[in-house]
Amino acid sequence: MKYFLTGSFITIIILIALFSYRQNIFSTTLPYDDEQQGLNEQITIHFSHVVAENTPKGIAAEKFKALVEEKSDGKVVVQIYPNGMLYNDENELEALRENKIQMIAPTISKMTKTLPNWQVLDLPFIIEDNKQLKKVLQGETSKSLLQELDSINVKGLTFWNNGFKQIASTSPIIEVEQFKGKRVRMMTSDILHEQFMLLDAKPIATTFGDLYSGLKQNLVDAQENTISNIYSKQFHTMENHITLSNHGILAYSVIMNETFWNSLDVEIQNIITDSLDQMQNWQFERAEQFNVENLSYLKGNSNVKIYDLDDLTKKKWEEKLLPIYSHYEKNINDHYLDDLLNEIKQID
Ligand code: LMR
C-alpha cells in the first residue's frame, strides 16, 4: 500500500510537471530572464514565421530584434519562432488577431484570402526587375494596401522582400506546355490558383511546412518559389530542375496585432517604426544577395539543372497567362491595377 501511494504520488507530480511544461510552451507568456530589473515594464513581442533563419525573412526578423532591443535598451524583447514552430501559414494570421503572437510576416499571397485586393501584387510578369520591385514595395499602391489591414484590426508596418519566384520541378518545365497535368504546389491564393489553371497544371495548396513531406511522398511535381526558399529547405534535392522564370514576386507584409500596437507608448511605437525604416534598404539588398549566392551554389551542384527562359519562350508564358489580368479585374474590380501600372511606368 505504501509503495502504491508513493508511486501514485510520483506519477501525479510527473503529470503536473509535464502539463505545466506544455502550457508554458503553448501559452503566450514565454520564459524570460527573471534576474533582470524592471520586469513588469518589459514588453515582449512574439514574432512567428514559417521559413528558415538563413533566409531574407529569417535574417530580417533577427535584425529587427537586434535594433529594437538595442534602441529600447532592453525594455522591448523580441522572441522569434522560425520554421513554423508555433504556427503555420494557415493559422498564423488568426493567432496574431487573437494576440497569441504579436508579429508575423506572411507573404502577400497568403493575405489575399482576407484582403483580395492584394492579389494585384501577385499578377504574373507585372514587375520586371529588382529596381521595380523595391520601388513598388515602398510605393503608394503598397502603402494603400497596407492601410487595408485597418479593416481587419491588424497594424500594417511595412513590406519586406524575398525576390522573384522561379519554378522548381522534378522534371524540366521550360516550355509552357510542360506544365500540362503537373501537380504544382502553390500558396493558398485565388490568383495563384488561376495562374496554374491557365498553365493547364493541377494546383495544390499546401502550407510551406507540409511541402517537403509532400515532395517526399511524391504528391507534388513542382512549385514556384524564390531561390533562397528552395535552397534553404533543400527542395532542390527532390526538385532538381529549376527554371529561372522570374514570373512573380514573393514579398512579405510585416504586421502586428492592433490592440497590442495601440497599447504601446508612442516612444516604443517610434522605436519599432524607426528600426523598420532603418533596415529597409539593408533587407532588400540582403534578399537580392541571398538569391544570388544561393543560385550560384545551386549552379555549382551537378545534380541540379538550371534553365533560363529565352525571349520567345518567355513571350509564350506571358501570352498563356494574359487572361489572368481580366480575371483579376472581373473579380476585384478595383483601381489598384491601374495605380500599380502607372506607378511602374514612372520608374526609370
Ligand atoms: C511559401 O509558402 O512558399 C513561402 O511563402 C514561404 C515564405 O514565407 O517565404
Side-chain angles (χ1 to χ4, degrees), residues 47-64 80-96 101 103-115 118-119 121-122 124 133 137 157-169 183-193 195-196 201 203-216 219-236 238-239 242-243 245-255 283-284 286-291 294-295:
F47 185 168
S48 168
H49 70 81
V50 300
V51 291
E53 283 134 306
N54 58 335
T55 56
K57 180 159 61 181
I59 52 133
E62 293 291 344
K63 178 86 170 174
F64 173 74
I80 303 171
Y81 306 92
N83 286 310
M85 62 192 276
L86 277 190
Y87 295 100
N88 65 30
D89 334 85
E90 298 296 338
N91 58 22
E92 64 180 3
L93 179 60
E94 200 186 320
L96 180 91
I101 42 179
M103 193 165 172
I104 57 173
T107 58
I108 283 164
S109 321
K110 288 170 193 166
M111 296 298 293
T112 56
K113 210 163 109 193
T114 314
L115 301 172
W118 284 38
Q119 291 179 33
L121 290 175
D122 261 344
L133 177 51
L137 292 181
L157 293 166
T158 192
F159 286 111
W160 285 343
N161 185 25
N162 187 332
F164 286 86
K165 288 183 287 189
Q166 323 297 350
I167 298 292
S169 47
R183 298 162 303 170
V184 185
R185 181 270 171 174
M186 53 157 207
M187 296 178 264
T188 308
S189 149
D190 174 61
I191 204 80
L192 297 182
H193 183 268
Q195 170 183 272
F196 288 115
I204 300 175
T206 73
T207 64
F208 189 60
D210 287 342
L211 180 51
Y212 194 88
S213 60
L215 277 162
K216 269 235 167 311
L219 301 173
V220 174
D221 305 309
Q223 67 166 306
E224 54 166 10
N225 226 317
T226 59
I227 290 293
S228 66
N229 275 351
I230 294 166
Y231 173 73
S232 61
K233 285 286 179 192
Q234 303 285 298
F235 289 131
H236 61 277
M238 290 171 285
E239 295 171 315
I242 299 177
T243 301
S245 50
N246 292 310
H247 63 281
I249 64 156
L250 198 145
Y252 304 113
S253 50
V254 182
I255 61 182
Q283 200 281 325
F284 279 71
R286 288 297 284 128
E288 265 185 69
Q289 223 174 326
F290 257 108
N291 286 308
N294 293 172
L295 180 60

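Side chains included, hydrogens not; waters and symmetry mates left out as well; all remaining heavy atoms used. Every number for a ligand or one of its atoms is a count from 1 in the order of the listing. What you see is a predicted model, and the numbers here were worked out from it, not measured in a lab.
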- Task: Measure up the F47 and F64 rings against each other and bin them: parallel (under 30°), tilted (30 to 60°), perpendicular (over 60°).
- Result: perpendicular
- T226 side chain reached by F290 side chain, heavy atoms, under 4.5 Å: no
- Find out whether L295 and Q166 are in side-chain contact, i.e. whether some heavy atom of one side chain is under 4.5 Å from a heavy atom of the other. no
- Could you list which atoms of ligand 1 come closer than 4.0 Å to a heavy atom of V50? 8 (O)
- Message: Distance under 4.0 Å to a non-hydrogen atom of N225: what atoms of ligand 1 satisfy this?
- Response: 1 (C), 3 (O)
- Query: Does the N291 side chain pair with the main chain of E288, one donor and one acceptor, at a distance under 3.5 Å?
  - Reply: no
- Note on the structure: With sequence neighbours left out, the residues meeting side chain to side chain donor-acceptor pair (under 3.5 Å) with Q223 are N225, E239
- Query: Among K57, Q223, M186, R185, whose heavy atom sits nearest atom 3 (O) of ligand 1?
  - Reply: R185
Does [X] approach ligand 1 within less than 4.0 angstrom via side chain, backbone, both or neither, non-hydrogen atoms only?
X	value
T226	neither
N229	side chain
L250	side chain

- Message: Below 4.0 Å from ligand 1: does a non-hydrogen atom of K110 turn up there or not?
- Response: yes
- Using only heavy-atom distances, determine whether the side chains of S109 and D122 contain a donor-acceptor pair under 3.5 Å. yes
- Could you name each residue pair satisfying salt bridge (Lys or Arg N to Asp or Glu O under 4.0 Å) that touches residues 204-215, not counting sequence neighbours? none
- Query: Who's the nearest protein heavy-atom neighbour of atom 9 (O) of ligand 1, and how far?
  - Reply: Y252 OH, 2.4 Å
- Report the nearest protein non-hydrogen atom to atom 7 (C) of ligand 1: residue, atom name, distance rounded to 0.1 Å. V51 CG1, 3.3 Å
